[in-house]
Structure formats: structure tokens, C-alpha cells
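Below is one structure, written out as C-alpha cells, with a few remarks after it.
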Amino acid sequence: MIAVIKPSATAEQKAGLVDWIRSQGVGVHVSEGHDYTVLGLIGDTSRIDMELIASLDIVDSVKRVAEPFKQCSRKFHPDDTVVDVGGVKIGGGHFAMIAGPCSVESREQIIAVAQAVKDAGAKLLRGGAFKPRTSPYSFQGLKDEGIELLLEAKKATGLPIVTEIMNANDLPLFEEVDVIQVGARNMQNFDLLKELGRTGKAILLKRGLANTLQELLLSAENIMIGGNARIILCERGIRTFETHTRNTLDLSAVPALHEMTHLPVVVDPSHATGQARLVEPMALAAAACGADGLMIEVHNDPIHALCDGAQSLTCAQFAGTARKVRAIRGALQ
Ligand code: PEP
Ligand code: MN
């Protein structure tokens with residue numbers, strides 16, 4: 001971190017700031033120029049509040065040289081992390097499709113969709129049991145019964161399962177869940193993230209509705225500091241001024257995150273667009289820009305879905321999309 005001090009600062013003010021920074025356990029290299037003084041902060045500056053220093057009257061500007069995230073940074077870990085979920089690998093050249101309904105609704109529904117997406121080439125089954133719904137009057141999910149049904153679908157098909165947690169108190173129910181999803185609305189639920197960091201579970205961490213890539217990686221860091229590095233990041237669109245689509249899919253996040261971090265990055269074109277007919281083109285674009293996987297909502301009867309029917313592909317549509325995704329992946333190799 002570098003802090004540029006204004007020419008108007010007195011020697012006493014500068015010394016006071018240097019002493020304070022040193023008291024935070026960080027070294028300071030002072031470089032006196034003709035007009036400005038530049039302080040170079042040396043060591044672990046992740047504990048230093050950059051905004052606090054920038055707000056001081058004597059400070060002209062502050063710049064971070066190193067990222068505030070460490071364990072998920074590619075600088076600290078140059079090789080790609082490969083997350084292995086029951087033999088299904090994601091990252092480091094391994095690509096996996098995660099597919100299934102927004103919500104688990106019934107045994108018939110989840111088993112039918114699980115079988116269909118498996119036949120189409122999906123490697124993991126998704127399905128929400130605990131649903132974060134904006135309206136308290138909307139379907140809230142089947143909760144523990146939904147997890148039981150997912151486990152039945154896993155048994156029937158062999159597909160590992162991915163499902164969302166909203167509250168750390170529910171963790172005992174996730175014992176046999178293969179990948180625990182942290183949804184966009186909980187990306188900055190730091191207590192939940194830290195609790196998940198103490199488990200050995202693979203975590204699918206979705207980007208928040210209005211969060212930067214740096215914030216996403218700091219959330220991943222909150223999991224990693226507990227010792228759990230089995231994290232898959234998910235770009236699922238962010239809120240912008242555009243309202244035609246449900247969200248705006250930030251596909252540049254994929255190559256940008258690959259530069260910033262060693263963690264795998266998957267793309268969810270379903271929540272990103274909100275419209276079934278836009279899902280396939282964005283899935284193909286995501287595969288083309290190097291995503292390590294896709295998460296796609298698929299329903300056996302989208303018109304009657306209890307949640308997110310408009311963005312759900314039919315099983316036949318998913319099979320067609322999966323085929324084209326494989327063609328794109330083949331063309332890249
Ligand atoms: C979901 O995947 O079912 C979901 C609620 O997604 P998001 O958190 O991205 O809105
Ligand atoms: Mn959904």
C-alpha cells in the first residue's frame with residue numbers, strides 16, 4: 001500500500017501517521033520528495049483500513065499494490081484449484097454442468113429431472129430446498145423434506161447434489177449434501193461463510209446482486225480462513241440500470257476472476273437472464289470465455305413450476321444446450 005502525503009503536512013503530523021501505521025504491525029518506508037512525501041507500507045497490510053487513511057486531512061491519495069485477499073489470490077497459489085465432488089472435478093481444465101429445478105417440488109419431479117439431466121450430460125444435480133424468496137407469500141421450499149428428496153434422486157441417479165443453505169443452524173441437515181450453495185443474497189453473510197469454512201464441504205459461492213469481484217473474493221476468503229478451500233465461484237448476473245433481463249450477466253468476470261484467483265468459476269445463465277430463450281446463448285458464451293462449468297435451471301414442466309418457471313429450460317431444451325456447450329468446449333481445445 002502506498003500513501004501520498006500532501007505538501008501542507010507538518011513533520012509532526014507525518015511522524016504521527018508513521019507511528020500509528022507501525023503500531024498496526026506494518027513497516028513504513030518514508031520517501032521525502034520535493035513536494036510530496038510517499039509512505040510505502042510493508043508487510044501484511046490487509047488489516048489496514050485504506051479508507052481511514054485516505055480520509056485524513058494530510059493524505060492526498062492511497063493505493064493498494066497487493067490485493068486484500070490472500071489465500072484465494074493467484075499470486076499466493078499460481079496453480080488452478082480443482083474441486084473434486086465425489087469424483088466430479090471442476091476447475092483446472094475440468095468442466096461440469098450442474099442442472100436441475102429451481103426448487104424441489106415433489107419426488108416425481110426431482111427424480112424425473114435428475115434422470116433427464118444426467119442423460120443429457122449434467123454431472124451434478126441442483127435443487128433448492130430452502131428458498132430465499134423476496135416475497136414471504138411465495139413458495140418457500142420443502143426445506144428438510146426437499147433435502148430428503150434430493151438424496152433420493154442422488155441415490156437413483158448417482159449424481160452428487162447441490163443445494164442452498166440460508167442459515168448455519170440448518171447445517172446438520174446438509175450432512176449428506178455434496179455441494180452447499182451460498183446464494184447471492186447471502187454472499188456477505190460473514191458468520192455463515194465462516195461457519196462453512198469450518199466444514200469440509202464443497203461450497204458454491206454465488207456473486208451478490210450488487211457486489212464487486214473483489215468483494216466476492218473477500219467472501220471466499222472468509223470461508224478459506226477456516227481451512228476450507230473447496231470453493232467454486234459462481235457469476236449469476238448483477239443489478240444494473242438494464243431491466244429487460246432479470247440481471248446483467250457479467251461474463252468478463254470469468255476471465256477477470258481467472259486472473260485474480262485460482263478458484264474455479266461457473267456461470268449461471270438462468271438467474272442472470274430470467275428468460276429461458278436467453279439461457280442457451282449465454283451458456284454458450286460462458287463456455288467460450290473459459291467458464292469451468294454452468295449451473296442451469298431445468299424443469300420437467302416449466303409452466304407449472306413453483307419457482308422460476310420463466311427461466312427454466314425443459315429437459316429436451318437442456319439436452320440441446322448441453323450438446324452445443326460440448327461443441328464449443330471441443331472447438332476451444
Ligand atoms: C438459486 O440458485 O436458486 C438462487 C436463488 O440463485 P441466486 O442466489 O443466484 O439468486
Ligand atoms: Mn431459481
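Counting convention: from 1, in listed order, for ligands and their atoms alike. Any value given below was found using the heavy atoms of this structure, including those in side chains, with hydrogens, waters and symmetry copies removed.
- Here the closest heavy-atom approach between residue Ile90 and residue Asp292 is recorded as CG2-O, 3.7 Å.
- Gln115 and Thr157 are not linked by any side-chain donor-acceptor pair at a separation below 3.5 angstrom, with hydrogens and angles left out of the test.
- Glu105 and His299 are linked by a side-chain donor-acceptor pair at a separation below 3.5 angstrom, with hydrogens and angles left out of the test.
- Of the possible polar contacts, none joining the Ser46 side chain to the Pro68 backbone as a donor-acceptor pair under 3.5 Å is found.
- Taking 2.8 Å as the limit, the number of protein N, O or S atoms around the Mn ion (ligand 2) is 4.
- Surrounding CD of Glu242 are more than 12 heavy atoms belonging to other residues, nucleotides or ligands, all under 6.0 Å away.
- Side-chain contact check for Met1 versus Met50: some heavy-atom pair is nearer than 4.5 Å.
- Scanning all heavy atoms of the two residues, the minimum distance from Thr245 to Ala272 falls at CB-O, 4.3 Å.
- Applying the 6.0 Å contact sphere to NZ of Lys154 captures more than 12 heavy atoms from other residues, nucleotides or ligands.
- Judged by distance alone, the side chains of His271 and Asp308 do bring a donor and an acceptor atom under 3.5 Å apart.
- Around ligand 1, the residues contributing at least one heavy atom under 4.0 Å from the ligand are Arg126, Lys131, Pro132, Glu164, Gln181, Gly183, Ala184, Arg185, Lys206, Arg236, His271, Glu297.
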